[in-house]
Amino acid sequence: MSKRQPKWLDNAVFYEIYPQSFNDTNADGIGDLQGIIEKLDYIKELGCNAIWINPCFDSPFNDAGYDVRDYKKVAPRYGTNEDLKRVFDEAHKRDMHVLLDLVPGHTSVEHPWFKESMKPEKNEYTDRFVWTDHVFMDTKGMNTLRAISDRDGCAVLNFFSSQPALNYGFYKQEEPWQQGMDDPGPEATRLAIQDVMRFWLKMGCDGFRVDMAAWCVKNDDENRTGNIYFWNKVGKFLDEEFPDAAMVSEWGNPDQSLQGGFHMDFQLMGQGTNYEDLFRCDEPYFSSRGKGNFKAYAERYNKSVAATEGKGLICIPSGNHDIDRLARRLKGNELKMAFAFLLSMPGAPFIYYGDEIGMNYVEGLISKEGGYQRTGSRTPMQWDDGLNDGFSTADPKDLYIKMDDAPDRPNVKAQMADPGSLWNEVRRLIKIRKENVALRSKAKVEFLETGYPLVLKRSCKEQAITVIINPTNEEKTVDVHGTIIYACGSAKLENGKCHVGAGTAVFIEN
Ligand code: NOJ
Ligand code: CA
């Protein structure tokens, strides 16, 4: 675990912005940095005090910007580096923090480093990427680009075919072309990526969400020893130069990522994490049908907490740009129940733009910029009932992705005006979280009941709060003492019994 622990994470609530689809201020049909600046007050009003912006760097956009062509240049379609600096400054004025998306594992095939490394003559970038020794050779099960230049070798891929893997070495070296983690090529790559981090941190960025952090070093063991070793080297650089930088990993295994010096990890995505059980399976736990399963999730969560000794933050996102919208499986009041959970758990919550109004997963869209089935979760933000729902004044046919056209689609303006809306509930939940220390990032959680209703207890030395969430259609009764400090739905507490109505969430200070 790193020495660095940014204090602001103790009470952080993040808002993830997919810049393409958030707010377009120059009518070209695509969101921009000025658009983010203009909505900072909105984000603050919702209660979020930190943002994560998906990659906004120069790119050919084969993977929505996760294929970086220039790490130090804002993509012109979003604005300029000066605009990004203004995002930092304007956020700081509002007491908010900004994380950028760092993509250390790969570049675009159009990155000048890769173009140099494709050359047959040895140069500074020959070892910047992972290459085999010859074109005609076994690539050991790795996906590669083969015969793309006169360099005699295959370039190992990290994700899509346009994303060659940067070279941080191999934990287990099994072939002559597989370099060691401390060899000069991998070391130079690390310094280059640290230089990128330094560039933005100096400008005012507060840290990074790190793309595919667990897969930088190749051929790792199952404990990810090599990647932990690598990130600790990066951590040493941060300790020395930017001790306040906040780091959240796309790793999915906090017991490992926190050892690598990350402060936060999204534990609950991907295989075997049971995150899907709650929100994104046929019978999600938060559905009013009441046929879901919370138990496996709780067991898994407890294991992670035990393995991390309660250090670092396990972050549960409402969604993100890679997975289905929350509203694909949950509707109406069920979304409120899901948010009552998301916003009463430890770790820093991450709200994906538009989830606060229950934006739909839009079915049947044509893929945009490598989105494929993810495109339906990346549609433009719905601000009001005007042209393009207030996202842009461009001709609708020129929008980055077409708007959701469902007649009952939600928008911010209407929900802000309606006290019973999801937006207002999310806002109340964030407020109560920020005001009560037992609900913040670091207080511990115990799962007291994992059937229906869900009963969990948050506690720290100053305070204890029992959270009861009953997504089902039937009233439930729970034995508990204390005072109700928040309720969504109908809850009555008398004589040590709380009657929790159908579709109700209630927080009781003990
Ligand atoms: C994870 C990102 O979240 C995803 O959008 C991207 O396609 C891959 N990493 C590759 O960078
Ligand atoms: Ca624009």
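For ligands, and for the atoms within them, numbers begin at 1 and follow the listed sequence. Please read these numbers as outputs of a predicted model, since none were measured by experiment.
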Engineer: Would you say the rings of Y71 and H111 are close, in the sense that their centroids are separated by under 6.0 Å?
Structural biologist: yes

Engineer: Say whether R209 and ligand 1 are in contact under the criterion: heavy-atom distance to a ligand atom below 4.0 Å.
Structural biologist: yes

Engineer: Below 4.0 angstrom from a heavy atom of D322, which ligand 1 atoms are there? Numbered from 1 as shown, please.
Structural biologist: 1 (C), 2 (C), 3 (O), 4 (C), 5 (O)

Engineer: Could you pull out the atom name of the N/O/S atom in D32 that is nearest the Ca ion (ligand 2)?
Structural biologist: OD2

Engineer: With a cut-off of 3.0 Å, does S392 place any N/O/S atom under that distance from the Ca ion (ligand 2)?
Structural biologist: no

Engineer: Can you give me the O-the Ca ion (ligand 2)-OD1 angle for I30 and D24, to 10°?
Structural biologist: 80°

Engineer: Run F22 and W383 through ring pair (Phe, Tyr, Trp, His ring centres under 6.0 Å) and show every step you take.
Structural biologist: CA-CA 9 Å; F22 193 56; W383 295 103; 5.2 Å; yes

Engineer: Show which atoms of ligand 1 fall inside a sub-4.0 Å distance from at least one heavy-atom site of R374.
Structural biologist: 4 (C), 5 (O), 6 (C), 7 (O)

Engineer: Below 4.0 angstrom from a heavy atom of M212, which ligand 1 atoms are there? Numbered from 1 as shown, please.
Structural biologist: 9 (N), 10 (C)

Engineer: Can a salt bridge be assigned to the pair D58 and R69 using a cut-off of 4.0 Å between side-chain N and carboxylate O?
Structural biologist: yes

Engineer: For ligand 1 and D211, I'd like to know whether there is a polar contact (N/O to N/O, distance under 3.5 Å).
Structural biologist: yes

Engineer: Please list the nearest protein heavy atom to atom 7 (O) of ligand 1 with its residue and the distance rounded to 0.1 Å.
Structural biologist: D63 OD2, 2.6 Å

Engineer: Are any of the side-chain nitrogens in K85 or E82 under 4.0 Å away from the carboxylate oxygens of its partner?
Structural biologist: no

Engineer: As an exercise, identify every atom of ligand 1 less than 4.0 angstrom from a heavy atom of H106.
Structural biologist: 10 (C), 11 (O)

Engineer: Would you please indicate yes or no on a ring centroid separation below 6.0 angstrom for Y15 and Y353?
Structural biologist: no

Engineer: Indicate yes or no: does D195 engage K72 in a salt bridge with an N to O separation below 4.0 Å.
Structural biologist: yes

Engineer: Taking the six-membered ring where the residue is Trp, are the ring centres of W215 and F230 under 6.0 Å apart?
Structural biologist: no

Engineer: For the Ca ion (ligand 2), what is the closest N, O or S atom on D28?
Structural biologist: OD1

Engineer: Check ligand 1 against H321 and write out every atom of the ligand that is under 4.0 Å from a heavy-atom position of the residue.
Structural biologist: 2 (C), 3 (O), 4 (C), 5 (O)

Engineer: Do W423 and F339 have their ring centres less than 6.0 Å from each other?
Structural biologist: no

